[in-house]
Number of protein chains: 2
Amino acid sequence: MEEPSEKQYKYAWGIDAAIAVIGGKWKPLILYELRDGTLRFSQILRGIQPKITQRMLTKELRELEKDGLITRKVYPVVPPKVEYSLTEKGLSLMPILDELCHWGYEHMDDEIEFKCEE
Amino acid sequence: MEEPSEKQYKYAWGIDAAIAVIGGKWKPLILYELRDGTLRFSQILRGIQPKITQRMLTKELRELEKDGLITRKVYPVVPPKVEYSLTEKGLSLMPILDELCHWGYEHMDDEIEFKCEE
DNA sequence: CTGTATCCCAAACGATACTG
DNA sequence: CAGTATCGTTTGGGATACAG
């Protein structure tokens with residue numbers, strides 16, 4: 001009742017879905033920023049290392065929100081105040097990101113150069 | 001002695017390294033193909049669902065090899081015969097891919113459309 | 001059979017300026 | 001403060017033809 005190859009494809013699609021959600025250049029960084037709690041737009045902007053532009057931060061935040069990993073709360077004040085935080089779904093991803101991190105760290109022996117040294 | 005924010009960045013870099021290695025459009029599929037054992041180029045080519053082109057398969061295989069996830073064995077015969085298989089490093093990644101798959105499957109409820117229906 | 005070589009298109013990303 | 005708008009560059013990827 002279980003075609004192994006078929007099953008594997010189904011799983012591989014799941015990977016694609018996951019990568020679609022975290023594959024953006026800055027998304028893992030953003031998720032890690034929000035790990036410790038709610039942050040405002042400017043806090044995330046300043047918190048991310050090799051400077052991200054406002055344009056990219058806005059774009060990736062919108063996508064993460066659309067994918068249900070973070071929530072966006074707008075306070076109707078002036079000047080504007082917007083807070084971002086992880087959802088349950090976003091939180092559920094963090095342990096896996098940790099494992100990916102750990103794996104990456106264990107195995108990036110060779111030619112993968114470090115940026116982010118400033 | 002442990003700056004939490006610093007630590008987080010280090011880990012996030014690890015994610016980037018991991019994504020750089022598995023983020024190619026076809027790489028997860030290829031790794032899953034090789035999971036059950038050694039395969040020839042044409043076998044992988046035929047095995048992957050929404051048809052991958054030779055160009056892309058060659059390219060992604062070379063990158064996976066360069067990153068140490070697979071090995072490439074060339075038999076000096078004619079017609080050519082080349083076999084690919086997972087390395088230890090590649091194997092060590094599979095459990096994490098499984099978790100990513102599972103997560104993707106659990107959470108791709110909303111608007112993520114399924115391709116690959118032919 | 002296992003690749004290369006071209007060409008081309010679309011998406012991703014970055015820089016910068018502007019706005020409610 | 002928290003964004004848009006616009007533009008340009010770079011990267012990823014597909015189609016096709018050819019080669020050893």
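Chain letters run A, B, ... following the sequence lines, proteins first, then strands; residues in each count from 1. None of the values given here were measured: they were computed from a predicted structure. All values below were derived from every heavy atom in this structure, side-chain atoms included, with hydrogens, water molecules and symmetry-related copies excluded.
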**Message:** So for the helix from C:dC1-D:dG20 to C:dG20-D:dC1, with five pairs setting each end axis, what is the inter-axis angle to 10°?
**Reply:** 50°
**Request:** Output yes when A:D67 and A:R62 qualify as a salt bridge under the 4.0 Å nitrogen-oxygen rule, no when they do not.
**Result:** no
**Asked** Does B:R35 pair with B:D98 as a salt bridge, N-O distance under 4.0 Å?
**Response** yes
**Message:** For C:dT4 and B:R62 - does any side-chain N or O of the residue sit under 4.0 Å from the phosphate oxygens OP1/OP2?
**Reply:** yes
**Pairing residues for B:K59 by the salt bridge (Lys or Arg N to Asp or Glu O under 4.0 Å) criterion, not counting sequence neighbours** = B:E63
**Item:** B:R72: partners by side-chain hydrogen bond (donor to acceptor under 3.5 Å, both in side chains), with sequence neighbours left out
**Value:** B:Y84
**Message:** Walk along nucleotides 10-20 of chain C from 5' to 3' and tag each nucleotide B, S or - by protein heavy-atom contact under 4.0 Å, base first, then sugar-phosphate.
**Reply:** ---BBB----B
**Request:** Might you point out which heavy atoms bring A:T87 and A:G68 nearest each other, and give the distance in Å?
**Result:** OG1-O, 2.6 Å
**Message:** Please determine whether side-chain contact (heavy atoms from CB on, under 4.5 Å) holds for the pair B:Y32 and B:M94, giving the CA-CA distance in whole Å, both sets of side-chain angles, and the decisive distance to 0.1 Å.
**Reply:** CA-CA 8 Å; B:Y32 267 96; B:M94 298 310 289; 4.2 Å; yes
**Message:** Students should find this one: the first and last nucleotides of DNA chain D, 5' to 3', lying under 4.0 Å from a heavy atom of chain B. What are they?
**Reply:** D:dG13 to D:dG20
Whole angstrom is fine here: how far is it from [atom1] in [X] over to [atom2] in [N]?
X: B:L61; N: C:dT2; atom1: CG; atom2: C1'; result: 11 Å
X: B:K73; N: C:dG3; atom1: NZ; atom2: P; result: 15 Å
X: B:L45; N: C:dC1; atom1: CG; atom2: P; result: 10 Å

**Request:** Apply ring-ring contact (aromatic ring centres under 6.0 Å, His included) to A:W26 and list each qualifying residue two or more places apart in sequence or on a separate chain.
**Result:** none
**Asked** Is a donor on one side and an acceptor on the other found under 3.5 Å between the side chain of B:K81 and the backbone of B:F41?
**Response** no
**Short side-chain to backbone donor-acceptor contact, B:K73 and B:V82, under 3.5 Å** = no
**Prompt:** Any side-chain heavy atom of A:E99 within less than 4.5 Å of one from A:W103?
**Reply:** no
**Prompt:** What do the steps show when you test B:T71 against B:E65 for side-chain contact (heavy atoms from CB on, under 4.5 Å), and what is the final call?
**Reply:** CA-CA 6 Å; B:T71 55; B:E65 185 194 8; over 6 Å; no
**Request:** Select base, sugar-phosphate, or nothing to describe what A:Y84 touches, counting heavy atoms under 4.0 Å on all strands.
**Result:** sugar-phosphate
